[in-house]
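First the structure, in the form of C-alpha cells, and then the observations on it.
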Amino acid sequence: MDTKVYYLDEHQDEKIREAAEVIKRGGLVVFPTETVYGLGANALDEEACRKIFIAKGRPQDNPLIVHVADFDISDYVEYIPENAKKIMENFWPGPITMVLKKSSKIPMLVTANLDSVAIRMPSNKVARKLIEYSGVPIAAPSANISGRPSPTTIEHAIEDLMGRVDMIIGGEKCEFGLESTVVEVLNDKVTILRPGAITKDMLEDIGLTVDIDPAILKRPDENLKPKSPGMKYRHYAPKAEMTIVTGRIDRAVDYINYKIKEMKSKGKVVGVLATEETKQLYEGGYIISVGSRNKLGLIAANLFDTLREFDKINVDYIYAEGFEEEGLGLAIMNRMKKAASYNIINV
Ligand code: AMP
Ligand code: MG
C-alpha cells in the first residue's frame, strides 16, 4: 500500500481535510495526539476498524479507544453517570479515557465484544480537527506494531506503519508521551484501569472516589480475566531483554555497574536507562538519560523514544533505573514493567 506522509500542524486545514476524506471512505490515518500517535479509522465502520487490527497485528480481544471532538457523546453510550460529567468538565479535552456502557451504534469489533466503550476527547488540535472534519468518531489505538513501544514522534509511526496505512500526518512530538489514563466510570466510583498523566490525586481533587485496579500493581495472572483487556499483553517492549533495578539509587547504580562489567566480559553490550542525576556515574555501557528525576513529566515524554533508541543501537541487555510508583511515577513504572516483562530486581 502507498502511504502518503504529510508533515503538518493544525493550521494546514486543507491537508487535514484530505486526511478526513480518507477516514470517511473507510481508510486508515495515523495522526498525532497529546499522548501518543494514533492509528485511526471511522469508529462506526466495522470494516474500516478491522483494518486497524490487521495493520498493527493487534489481537482482536484488545479493544480500541473511540476519539471524539464533541462533548455530546450520548449517541455512543447508554447513559452518562454524574462522575463522567465531572471528568469531562475538568479534564476534557485531555489525556483521560472513560469506559462507559456502550450504545448499539458502536460496532462490537471496536470494543472487542465488551458491552462497554472507551471514549476520549484529545486536546491535540490536529487530532480534533481530523475528527471534526471526518464527521465521525475515530477509533484509534497507538500507531505502533503490536508489542513495540508506542510512537511519540512521527518518525516512530513511519518506522512501524509505512506501507500499512493510507496516510500519516503530524510532525510534533507528543506532549505527554504516555497513553491516556483509562478509567471505568460508575455512579458511585471511578476505577483506574490504566495509569496515565491524569493521576489518582488529580481525580480525587475534583471530589471523586477513586480505586486503582489491583492488576496495575502486580504482575498479571495468566488465569485472571483482566477488566481492561490491554492489561494482559507484553507491551511497549524493546528488542533487548530489559531489567528494572529498584531500591536506593546509589545501590542501583552499583548493581548496574557490576552488570555492565560482567556482560562486557561475555562480549555483550549493556544499555542503561539512566537519569540526569546518575548518568555520569556509570562506567562503560551505552548510557541514555531519560530525563531528570525532578521532572517526571519529561521522563514520561521521553520514555518510549529512549526504548526505541536502544533498539537502534542493538544493545544486548537494558538495565533501567526504577522510579517511585507515586503520581505520574505510577504510569511510568507501569509501562516500564511491561516493557521489561516484569523483570524487576530490588537492591
Ligand atoms: P491503546 O489504544 O493501544 O492505547 O489501547 C487501548 C486500551 O484501552 C486497551 O488496551 C484497554 O486497556 C483499554 N480499553 C479500551 N476499551 C476498553 C473497554 N471497553 N473496557 C476496558 N478497557 C478498555
Ligand atoms: Mg497501544
Would [X] and [Y] show up in the same hydrophobic cluster when neighbours are defined by side-chain heavy atoms closer than 4.5 Å?
X: Phe304; Y: Ile318; result: yes
X: Val210; Y: Ile206; result: yes
X: Ile198; Y: Phe176; result: no

Can you tell me how far [atom2] of [Y] sits from [atom1] of [X], rounded to the nearest 0.5 angstrom?
X: Lys312; Y: Tyr286; atom1: NZ; atom2: OH; answer: 10.0 Å
X: Arg293; Y: Ile299; atom1: CZ; atom2: CD1; answer: 6.5 Å
X: Lys279; Y: Ser292; atom1: NZ; atom2: OG; answer: 10.0 Å
X: Thr181; Y: Ile87; atom1: OG1; atom2: CD1; answer: 10.0 Å
X: Ile154; Y: Glu159; atom1: CD1; atom2: CD; answer: 12.5 Å
X: Arg120; Y: Glu34; atom1: CZ; atom2: CD; answer: 4.0 Å

Determine whether a donor-acceptor pair (N or O, by modelled atom type, separation under 3.5 Å) exists between the side chain of [X] and the backbone of [Y].
X: Asp211; Y: Asp213; value: no
X: Asn42; Y: Gly26; value: no
X: Asn257; Y: Tyr282; value: no
X: Asp166; Y: Val29; value: no
X: Lys261; Y: Glu283; value: no
X: Asp70; Y: Glu132; value: no
X: His67; Y: Ile138; value: yes
X: Arg308; Y: Pro149; value: yes
X: Thr3; Y: Gly163; value: yes
X: Gln12; Y: Asp9; value: yes

* Please say which of Arg58, His156, Lys56, Glu179 ends up in a side-chain hydrogen bond (donor to acceptor under 3.5 Å, both in side chains) with Ser142. =>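 By the side-chain hydrogen bond (donor to acceptor under 3.5 Å, both in side chains) criterion, Ser142 pairs with just one of Arg58, His156, Lys56, Glu179: Lys56.
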* Asked: For the residue pair Tyr319 and Tyr255, does the interplanar ring angle fall in the parallel (under 30°), tilted (30 to 60°) or perpendicular (over 60°) class?
  ->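 Geometry flag for Tyr255 against Tyr319: perpendicular rings.
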Any side-chain donor near an acceptor of the partner, [X] and [Y], under 3.5 Å:
X: Glu276; Y: Ser289; result: yes
X: Asn144; Y: Tyr37; result: no
X: Asn302; Y: Lys173; result: yes

* With sequence neighbours excluded, residues passing side-chain contact (heavy atoms from CB on, under 4.5 Å) with Ala301 ->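 side-chain contact (heavy atoms from CB on, under 4.5 Å) list for Ala301, sorted by chain: empty.
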* Asked: Can Tyr133 and Glu21 be said to form a side chain to side chain contact (heavy atoms under 4.5 Å, CB included), step by step?
  -> CA-CA 8 Å; Tyr133 297 164; Glu21 287 305 316; over 6 Å; no
* Asked: So Asn124 and Glu10, side chain to side chain donor-acceptor pair (under 3.5 Å) or not? Walk me through it.
  -> CA-CA 9 Å; Asn124 180 286; Glu10 79 262 25; over 6 Å; no
* **side chain to side chain donor-acceptor pair (under 3.5 Å) partners for Glu324, two or more places apart** =>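 In terms of side chain to side chain donor-acceptor pair (under 3.5 Å), with neighbours along the sequence ignored, Glu324 is linked to no residue.
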* Pairing residues for Glu262 by the side chain to side chain donor-acceptor pair (under 3.5 Å) criterion, not counting sequence neighbours ->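 Applying side chain to side chain donor-acceptor pair (under 3.5 Å) to Glu262 gives Tyr258, Lys259.
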* Please test Val22 against Leu28 for side chain to side chain contact (heavy atoms under 4.5 Å, CB included), starting from the C-alpha separation and ending with a verdict. => CA-CA 7 Å; Val22 175; Leu28 298 181; over 6 Å; no
* Check the pair Val36, Leu178 against side chain to side chain contact (heavy atoms under 4.5 Å, CB included), reporting the backbone distance first and the verdict last. => CA-CA 6 Å; Val36 302; Leu178 295 181; 5.9 Å; no
